[in-house]
Amino acid sequence: MEDPRLLYLYDSRKFAGFNKPASPFIVLGIPMDITSSYRPGSRFAPSYIRDAAQYIEFYSIRTGIDMGDVGFNDVGDIILHSSDAEENIRRISTVSSYFKDKGKILISIGGEHTITVGTTKGLNPDCVLSFDAHLDLRDEYMGYKYDHACVMRRISERSTRIFEIGTRAVSKEEIDYANSIGIPFITSHQVKLLGPREVSKKVMTHFEGCNKIYITFDMDSIDPSYAPGVATPEPEGLDPSTILDIVNLITDKRIIGFDVVEVSPPYDPSGITTVLASKIILETAASIFKSLL
Ligand SMILES: [Mn+2]
């Protein structure tokens, strides 16, 4: 009998056209777009990113891995409620837990950043690495606890160990909270001064003893000159090569999943942000696959 958790899935176009059940990688679209405060449209990102992936090379020079051989198993999109964020987090968690039980590595394409509250609930990592311009550590935003500005706060409440990279847009309350419970963050400016090797060392030290690591890529961590089509653009961001270098240095067998969130295709008329999002998915998957060999 089919697992009832799969009832929340509906079929979609495939990531770069891949449909390879034997692949260790599941691709899951999560087009949730309810709490975006500035530039909505992330509900369209899963299909745009899947489409853009079709037109880039699958061979990763960084890792020597041909993702064309490894492939992806794209299982479609989650059926979401149009206004109930908490119900959606429950559904996202339910579907994610199914693929965790199958021993797969879950690649989720958002949607707004709030989806990460659901994927991490379902996958239950003990450590989370977040690339983001924002700390997302607000207790609530506009009176609401399940919001894209509160993502890492909700995750931190499960005693998950967190590390944030690319920080440059924060509130005093968030910095106080991060310091009080010990969430290290490296600003985009510090990343530039330190370089990928030193940054990755700090992450690995903080994640010592972790068994299951999850990575979330908020595309607004990247400078708007490279990634203009995001819900909340923030100047002075990271460059894509630096992010991928850091990922390549920290990736090992402990990675159980990652997501790419906050792309807003209506604000990405050139398509450059969706191409970059699909490139990040390909390169990160290649790094993870290499660590499994
Ligand atoms: Mn953000």
Side-chain angles (χ1 to χ4, degrees), residues 3 5-6 8-9 15 18 20-30 46 60 63 65 67 70-76 78 89-111 113-132 136 151-152 154-165 183 200 203-218 243-244 246-261 277 280-293:
D3 192 301
R5 289 176 288 186
L6 295 179
Y8 288 119
L9 284 180
F15 181 76
F18 281 110
K20 194 170 181 181
S23 171
F25 299 104
I26 296 291
V27 172
L28 175 65
I30 313 181
S60 159
T63 59
I65 299 293
M67 287 309 294
V70 179
F72 297 87
N73 181 16
D74 192 329
V75 296
I78 297 186
I89 288 164
R90 196 185 62 76
R91 293 184 192 185
I92 296 163
S93 161
T94 300
V95 173
S96 302
S97 75
Y98 173 84
F99 293 109
K100 178 188 74 175
D101 293 350
K102 292 284 172 195
K104 296 290 189 178
I105 296 159
L106 185 65
I107 303 173
S108 304
I109 308 178
H113 209 165
T114 319
I115 69 151
T116 310
V117 179
T119 55
T120 54
K121 193 174 175 203
L123 297 180
N124 198 27
D126 45 15
C127 293
V128 174
L129 174 63
S130 176
F131 290 92
D132 197 336
D136 287 356
V151 177
M152 301 312 289
R154 296 289 87 78
I155 295 171
S156 76
E157 288 164 353
R158 302 180 199 132
S159 344
T160 310
R161 213 182 298 174
I162 292 169
F163 198 107
E164 305 212 36
I165 299 176
I183 298 176
S200 61
V203 175
M204 294 311 262
T205 304
H206 189 63
F207 283 177
E208 250 169 38
C210 294
N211 295 309
K212 293 182 290 177
I213 299 173
Y214 184 91
I215 304 175
T216 177
F217 296 98
D218 185 327
I243 290 189
L244 291 174
I246 294 169
V247 168
N248 200 35
L249 286 163
I250 59 125
T251 301
D252 59 28
K253 288 184 168 60
R254 299 176 294 171
I255 310 285
I256 57 167
F258 67 91
D259 63 50
V260 174
V261 297
I280 287 174
I281 291 172
L282 279 161
E283 285 293 331
T284 304
S287 278
I288 295 172
F289 189 78
K290 191 178 181 187
S291 77
L292 300 175
L293 297 176

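Quick note: numbers below take in every heavy atom, side chains included, and nothing from hydrogens, waters or symmetry partners.
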State whether the side chain of [X] and the backbone N or O of [Y] hold a donor-acceptor pair below 3.5 Å, judged by distance alone.
| X | Y | value |
| --- | --- | --- |
| Lys253 | Ser291 | yes |
| Arg161 | His206 | yes |
| Ser96 | Ile92 | yes |
| Arg254 | Cys210 | yes |
| Asn73 | Ile26 | no |
| Lys100 | Asn124 | no |
| Thr284 | Ile281 | no |

Checklist entry - Phe207 vs Phe163 aromatic rings, parallel, tilted or perpendicular, using cut-offs 30° and 60°? => result perpendicular
Checklist entry - Mind checking whether Phe25 and Phe72 have parallel, tilted or perpendicular rings, split at 30° and 60°? => result tilted
Side-chain contact test, heavy atoms from C-beta onward, threshold under 4.5 Å: evaluate it for [X] versus [Y] and give yes or no.
| X | Y | result |
| --- | --- | --- |
| Phe258 | Val247 | no |
| Ser23 | Phe18 | no |
| Thr160 | Thr120 | no |
| Lys121 | Arg154 | no |
| Ile107 | Leu28 | no |
| Leu106 | Leu123 | yes |

Item to check | From CA spacing to verdict: side-chain contact (heavy atoms from CB on, under 4.5 Å), Ile215, Phe131 | outcome: CA-CA 8 Å; Ile215 304 175; Phe131 290 92; 4.0 Å; yes
Next on the checklist: As a quick check of understanding, evaluate side-chain contact (heavy atoms from CB on, under 4.5 Å) for Phe15 and Ile109, giving each step before the final call.
Outcome noted: CA-CA 10 Å; Phe15 181 76; Ile109 308 178; 4.2 Å; yes
Checklist entry - Do the side-chain N and O atoms of Thr94 and Tyr8 include a donor-acceptor pair separated by under 3.5 angstrom? => result no
Item to check | Flag for Asp259-His113: side-chain donor and acceptor within less than 3.5 Å | outcome: no
Next on the checklist: Run Leu244 and Ile280 through side-chain contact (heavy atoms from CB on, under 4.5 Å) and show every step you take.
Outcome noted: CA-CA 7 Å; Leu244 291 174; Ile280 287 174; 4.3 Å; yes
Checklist entry - For the atom pair CD (Glu164) and OG1 (Thr216), what is the distance rounded to the nearest 0.5 Å? => result 9.5 Å
Checklist outcome for this item: Per side chain to side chain contact (heavy atoms under 4.5 Å, CB included), Ile30 is matched among Thr116, Ile115, Thr114, Val261 by Ile115
Item to check | Contacts of type side chain to side chain contact (heavy atoms under 4.5 Å, CB included), residue Tyr98, not counting sequence neighbours | outcome: Asp3, Arg5, Leu6, Lys102
